[in-house]
Amino acid sequence: MSNTVTRFAPSPTGHLHIGGARTALFSWLLARRNNGKFVLRIEDTDQQRSTQEYTDAILDSMKWLGIDWDGELMYQSKRFDLYNTYIDQLLETGHAYWCDCTTEQVDAMREKAMLEKRKPKYDGSCREKNIGPGENRVVRFKAPLDGHTSFNDMIKGPIVVENTEMDDMILRRSDGTPTYNLAVVVDDHTMGVTEVLRGDDHVNNTPRQILIYKALGWDIPRFGHVPMILGPDKKKLSKRHGALSVMEYEKMGYLPEAVVNYLVRLGWSHGDQEIFSKEELIEFFDTEHLGNSPSVFDTKKLDWVNCEYIKAKAPAELIPGMRNFLPEGAEASDEYLEKIIPLLQPRATNYKEMADMTDFFLVSADKLEYDEKSVAKVFTPEALDHLKELTARIEADSEFTHDSLEAVHTGYLAEKELKFKAIGQPVRLAICGKVQSPGGLYDLMLVMGKAETLARMKRAATLA
RNA sequence: GUCCCCAUCGUCUAGCCUGGCCCAGGACACCUGCCUUUCACGCAGGCGACAGGGGUUCAAAUCCCCUUGGGGACGCCA
């Protein structure tokens with residue numbers, strides 16, 4: 001076990017979205033790759049917006065993706081005492097001060113700054129007031145007024161920010177609760193986090209947090225900021241672009257491995273390789289090959305990756321996933337599904353499609369629905385004659401194998417001097433109820449079995 | 001507005017750090033053909049990019065500068 005410790009720190013104010021899932025994946029991979037620890041922390045200091053339901057949903061999504069974490073799940077809401085200890089320490093060492101400015105006053109300062117074409121900041125008017133605690137007062141960090149703060153981003157390289165760009169951020173709200181920046185620093189330090197991998201939207205927070213680390217006299221971890229995921233219009237991915245949460249992809253019938261593969265490959269590369277097993281991901285992952293520009297989420301490619309996984313799986317492995325999408329009360333034994341699935345694998349994009357393509361297999365001959373238009377068009381008198389004759393010959397075929405069925409059909413065709421076209425559609429329609437279905441004719445028959453095949457063909461003959 | 005970040009095919013990307021092997025490679029998508037009993041799979045091929053402009057250099061996708069474009073952040077949210 002190395003000393004690498006990474007973390008993922010979602011705030012339970014919504015479902016786990018694909019952007020968050022990807023950063024979680026990167027952090028997890030970095031830890032696993034280095035034989036280190038990956039810890040999970042729930043950032044619920046905003047007690048108004050955080051809910052246990054979302055925490056549970058996030059955890060479910062993590063588990064679905066196969067991202068496991070080490071040690072106890074941590075809740076920031078249970079550590080307020082700890083945060084307050086350090087805020088007090090900052091107060092005592094002169095790195096923080098009490099402030100009684102009202103929200104209105106601060107807003108006015110910001111507006112004024114904007115008008116003067118400066119960055120909107122708190123102007124530090126309470127810095128030297130030396131007021132103590134009191135009703136409606138907050139604790140602010142006393143940021144340095146000169147110099148600069150820099151760090152070497154694992155993804156973006158060196159980043160330097162002038163200290164004058166940062167204002168005196170609030171550490172403790174007037175209701176006594178700690179704010180994000182303070183809590184994050186205390187947590188990452190006390191949890192022994194060595195590399196912080198997080199979303200790009202936190203780059204601006206990093207110098208502020210570094211300032212807190214320094215004020216507390218703590219070692220500073222390495223930081224890496226993962227670029228955003230964009231929608232097709234190159235805007236930050238949002239609900240109007242469609243599915244956002246990991247859960248939705250589960251509901252659409254994607255395989256978790258495929259989602260993981262696609263997400264990791266979005267923004268990270270290992271030469272030309274596209275498909276990675278979990279083991280390969282862990283073996284190859286590195287921060288050097290994380291891209292530093294935002295990437296557009298491409299559903300088409302996700303679909304392709306998902307197809308690759310479906311094709312690569314043993315049929316039996318797909319049964320449980322597919323069952324979730326089978327209609328209520330559908331009767332299908334594992335044995336039957338295992339025979340059907342190979343026909344679906346080269347054709348289906350996801351579990352849902354697999355289930356949809358299976359419909360005609362799961363009803364008995366007398367309940368099979370026939371597509372009316374196709375019946376009218378395909379079941380001509382000649383076609384029905386062929387069907388009846390074929391039915392008799394199949395019935396007489398004691399072998400009922402792919403080869404024997406082929407012999408039956410081609411033999412009949414040769415006798416009558418017909419092309420396959422003459423029987424292709426009629427037979428398919430007879431046994432599937434539609435002219436388009438997955439699988440070759442003989443494969444279809446073999447999957448259904450002789451009795452069912454004959455029953456369907458006989459019923460079809462009575463239709464027109 | 002201010003600050004930070006980013007910029008290779010439509011999209012994901014390799015290459016960039018350690019210039020020449022790159023008139024730029026792979027994948028998705030798209031198009032064409034082959035295979036074929038539907039639909040697919042598969043196979044073969046095609047289309048298609050170094051944002052623009054200056055430098056540095058014998059040589060630049062690779063290094064430097066500017067412009068343009070895009071994104072993010074500026075909260076008693078995280």
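Proteins come first, then strands; the chains are lettered A, B, ... in the order of their sequence lines, and each starts at number 1.
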How many whole angstroms separate atom [atom1] of [X] from atom [atom2] of [N]?
X	N	atom1	atom2	value
A/Lys421	B/U37	NZ	P	12 Å
A/Tyr97	B/C76	OH	P	12 Å
A/Asp272	B/C28	CG	P	12 Å

Could you measure between the two [atom1] atoms, the one in [N] and the one in [M], and give it in whole Å?
N	M	atom1	result
B/G26	B/A49	C1'	14 Å
B/G20	B/C63	P	11 Å
B/G48	B/C23	C1'	15 Å
B/G15	B/C21	P	16 Å
B/G10	B/A29	C1'	8 Å
B/A61	B/A14	C1'	12 Å
B/G53	B/U62	P	13 Å
B/U56	B/G45	C1'	42 Å

Base, sugar-phosphate, or nothing for [X], non-hydrogen atoms under 4.0 angstrom?
X	answer
A/Gly267	sugar-phosphate
A/Asp303	nothing
A/His225	nothing
A/Lys235	sugar-phosphate
A/Tyr442	base
A/Ile170	base
A/Ser174	base
A/Gln436	base
A/Lys236	sugar-phosphate
A/Thr45	sugar-phosphate
A/Arg172	nothing
A/Lys311	sugar-phosphate
A/Val296	sugar-phosphate
A/Met228	sugar-phosphate

Once hydrogens and angles are ignored, does a donor-acceptor distance under 3.5 Å link the base of [N] to the side chain of [X]?
X	N	value
A/Asn181	B/A78	no
A/Asp201	B/G72	no
A/Ser437	B/C39	no
A/Arg347	B/C39	yes
A/Glu274	B/G26	yes

Candidate nucleotides B/C6, B/C12, B/G72, ranked by approach to the side chain of A/Asn292 - the nearest: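 Nearest listed nucleotide: B/C6.
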Mind telling me whether A/His409 and A/Tyr442 have parallel, tilted or perpendicular rings, with 30° and 60° as the class edges?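 Tilted: the ring planes of A/Tyr442 and A/His409 meet at 30° to 60°.
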Specify whether A/Trp268 and A/Phe285 have parallel, tilted or perpendicular ring planes, treating 30° as the upper limit for parallel and 60° as the lower limit for perpendicular.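 Aromatic pair A/Trp268/A/Phe285 classed tilted.
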If [N] has a Watson-Crick or G-U wobble mate with both distances under 3.5 Å, name it; if not, just say none.
N	value
B/C3	B/G72
B/U56	none
B/A27	B/U11
B/G19	none
B/G42	B/C34

I'd like to check A/Gln209 versus A/Val196 (side-chain heavy atoms, cut-off strictly below 4.5 Å). Are they in contact? no
Is the closest side-chain heavy-atom distance between A/Thr177 and A/Arg172 below 4.5 Å? no
The test is salt bridge (Lys or Arg N to Asp or Glu O under 4.0 Å); show your working for A/Lys450 and A/Glu399 and say whether it passes. CA-CA 10 Å; A/Lys450 188 170 179 178; A/Glu399 285 183 51; over 6 Å; no
Test the A/Arg110-A/Tyr122 pair against the cation-pi criterion, namely NZ or CZ under 6.0 angstrom from the six-membered ring centroid and within 45° of the ring axis. no
Evaluate whether atom NE2 of A/His402 has more than 12 neighbouring non-hydrogen atoms of other residues, nucleotides or ligands under 6.0 angstrom away. yes
Is it the case that atom NZ in A/Lys142 sees more than 12 heavy atoms from other parts of the structure closer than 6.0 Å?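 Atom NZ in A/Lys142 is crowded, with more than 12 foreign heavy atoms closer than 6.0 Å.
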